[in-house]
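Working notes, structure below.
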Amino acid sequence: MFGFIRPLRSELKVREWERFQSVYCGLCHSIRQRYGLLQTTLLSYDCTYLALVLDAADSQAECEACRRRCIVHPIRRRSCAQETAGIRHAAAVSVILNWHKLQDTIDDETGWKRLGARVLRLFLRRGYKKARQDNAEFDRVVTEQLQSLNRIQREQTASLDIPADTFANILRAAVPEERTDDGRILGEMFYHTGRWIYLIDACDDLAEDFTTGSYNPVRLRYRLTEPDLTPLRETLRHTLLQSLAASYHAYILLNTKRDGGIIENILCQGLPEVTRQVLNGTLEANGGKNRHGSI
């Protein structure tokens, strides 16, 4: 359900792309140092975006970069953002979300996928416990909302809004509690982004869910008899872009200090392009679901 947030690289300036890459690398290093090397293999663009936005609205953040090597790039040093409050927070969020995502895989899948998720969780447990200590409230909200989602799935709820709202509350809770001045705005921004993520994932998984019989709100809401989004393309496009518009309207209320070009690229170009590709069936599988250390 993660990995859909990405910039439209062709429309970014070179320095903007380098900045985005440095935040990704900085987040990767922060996760490795705090929670273990294996945790970095599950890093995606989603939490890079979270770190970028949190630091953009933080006047105290010192967004400097250095050049560092890592296990994937052992020879040539790469630009790497120094750890900030936003990167530190996003690191804990990433570890917690991936832990619960593995639990979701165990609950929903069978065979080798379930076994693989069980084995991986054994190796990730220590890092997750530390991340939970660092951000206990977020872990509590994620647990509660995923339990609600599981109930919605068991009841086969034929609604887009009910499950999307439940998932969106997870992203809203990703905003640090101490962000009292801009916390409500950031909460609304990530709430609507979370709603978009849930719905775009449902559209992307439609064919697979038809095959496996898994819960899919798009299939149930529109009583689809085959995995074809063509008749619903404009309806779904309107719904998805409404969520992105709401997220952008919240963003422009923020008093951002930096990285506005990157954030606007993601909200106004990257995510609409992902929307178009998913509805057309042309989404590239690894565009936002990156291999460790690779952008």
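As the structure is a prediction and not an experimental result, all values here were calculated from the model.
Distance check: Leu279 CG to Thr230 OG1 gives 10.0 Å after rounding to the nearest 0.5 Å. Separating the OG atom in Ser22 from the CD1 atom in Ile87 is a distance of 7.5 Å, to the nearest 0.5 Å. Note: Leu160 CG to Thr235 OG1 = 10.5 Å, rounded to the nearest 0.5 Å. Atom CH2 of Trp196 and atom CG of Asp201 lie 10.0 Å apart (nearest 0.5 Å). Annotation: the span from Arg9 atom CZ to Glu16 atom CD amounts to 12.5 Å, rounded to 0.5 Å. The structure places CD of Gln153 at 9.0 Å from CG of Leu146, a figure rounded to the nearest 0.5 Å.
The side-chain hydrogen bond (donor to acceptor under 3.5 Å, both in side chains) test applied to Glu144 returns Arg140, not counting sequence neighbours. Remark: Asp182 pairs with Arg179 by the side-chain hydrogen bond (donor to acceptor under 3.5 Å, both in side chains) rule, at least two apart or across chains. Checked against side-chain contact (heavy atoms from CB on, under 4.5 Å), Glu18 has the following partners two or more places apart in sequence or in another chain: Val14. Considering only residues two or more places apart in sequence or on other chains, Gln156 meets the side-chain contact (heavy atoms from CB on, under 4.5 Å) condition with Tyr215, Arg219, Leu220. In this structure Arg154 satisfies the side-chain contact (heavy atoms from CB on, under 4.5 Å) test together with Asn150, Arg151, sequence neighbours excluded. Residues that satisfy the side-chain hydrogen bond (donor to acceptor under 3.5 Å, both in side chains) test with Gln33, not counting sequence neighbours, are absent from this structure. With sequence neighbours excluded, no residue satisfies side-chain hydrogen bond (donor to acceptor under 3.5 Å, both in side chains) with Thr48. Checked against side-chain contact (heavy atoms from CB on, under 4.5 Å), Thr166 has the following partners two or more places apart in sequence or in another chain: Gln145, Ser148, Leu149, Ile152.
What you find for Ala173 and Phe138 is that their closest heavy atoms are O-CD1, 3.4 Å. When all heavy atoms are compared, the tightest approach of Val278 to Asp204 is CG1-N, 3.7 Å. Across Ala164 and Tyr198, no two heavy atoms sit closer than the pair CA-CD2, 3.7 Å. Shortest non-hydrogen contact noted between Leu27 and Leu43 is CD2-CD1, 3.6 Å.
Follow the hydrophobic side-chain contacts under 4.5 Å out from Leu224 and you reach Leu240 in the same cluster. Connection of Leu232 to Val274 is established within a shared hydrophobic cluster, with ILVMFWY side chains joined at heavy-atom distances below 4.5 Å, either directly or through further cluster members.
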Show which side-chain atoms of residues 249-256 pair as donor or acceptor with protein atoms under 3.5 Å away, not counting sequence neighbours.
residue: His249; atom: ND1; partner: Ala245; partner atom: O; Å: 3.3

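Sorted by first and then second residue, the pairs that involve residues 250-275 and meet salt bridge (Lys or Arg N to Asp or Glu O under 4.0 Å), not counting sequence neighbours, are Arg19-Asp259, Glu273-Arg276. The salt bridge (Lys or Arg N to Asp or Glu O under 4.0 Å) contacts involving residues 124-133 comprise Lys130-Asp134, where partners must be two or more places apart or lie in separate chains. Listed by first then second residue, pairs satisfying ring pair (Phe, Tyr, Trp, His ring centres under 6.0 Å) with a partner in residues 47-67 read Tyr49-Phe190, not counting sequence neighbours.
Other residues, nucleotides and ligands contribute more than 12 heavy atoms inside 6.0 Å of the CZ atom of Arg34. More than 12 heavy atoms of other residues, nucleotides or ligands lie within 6.0 Å of CD in Glu178, so this atom counts as buried by the packing criterion.
Within the 4.5 Å cutoff, no side-chain heavy atoms of Val142 are placed close to those of Trp99.
Using a distance-only test at 3.5 Å, with no hydrogens or angles considered, no donor-acceptor pair links the side chain of Thr157 to the main chain of Ser159.
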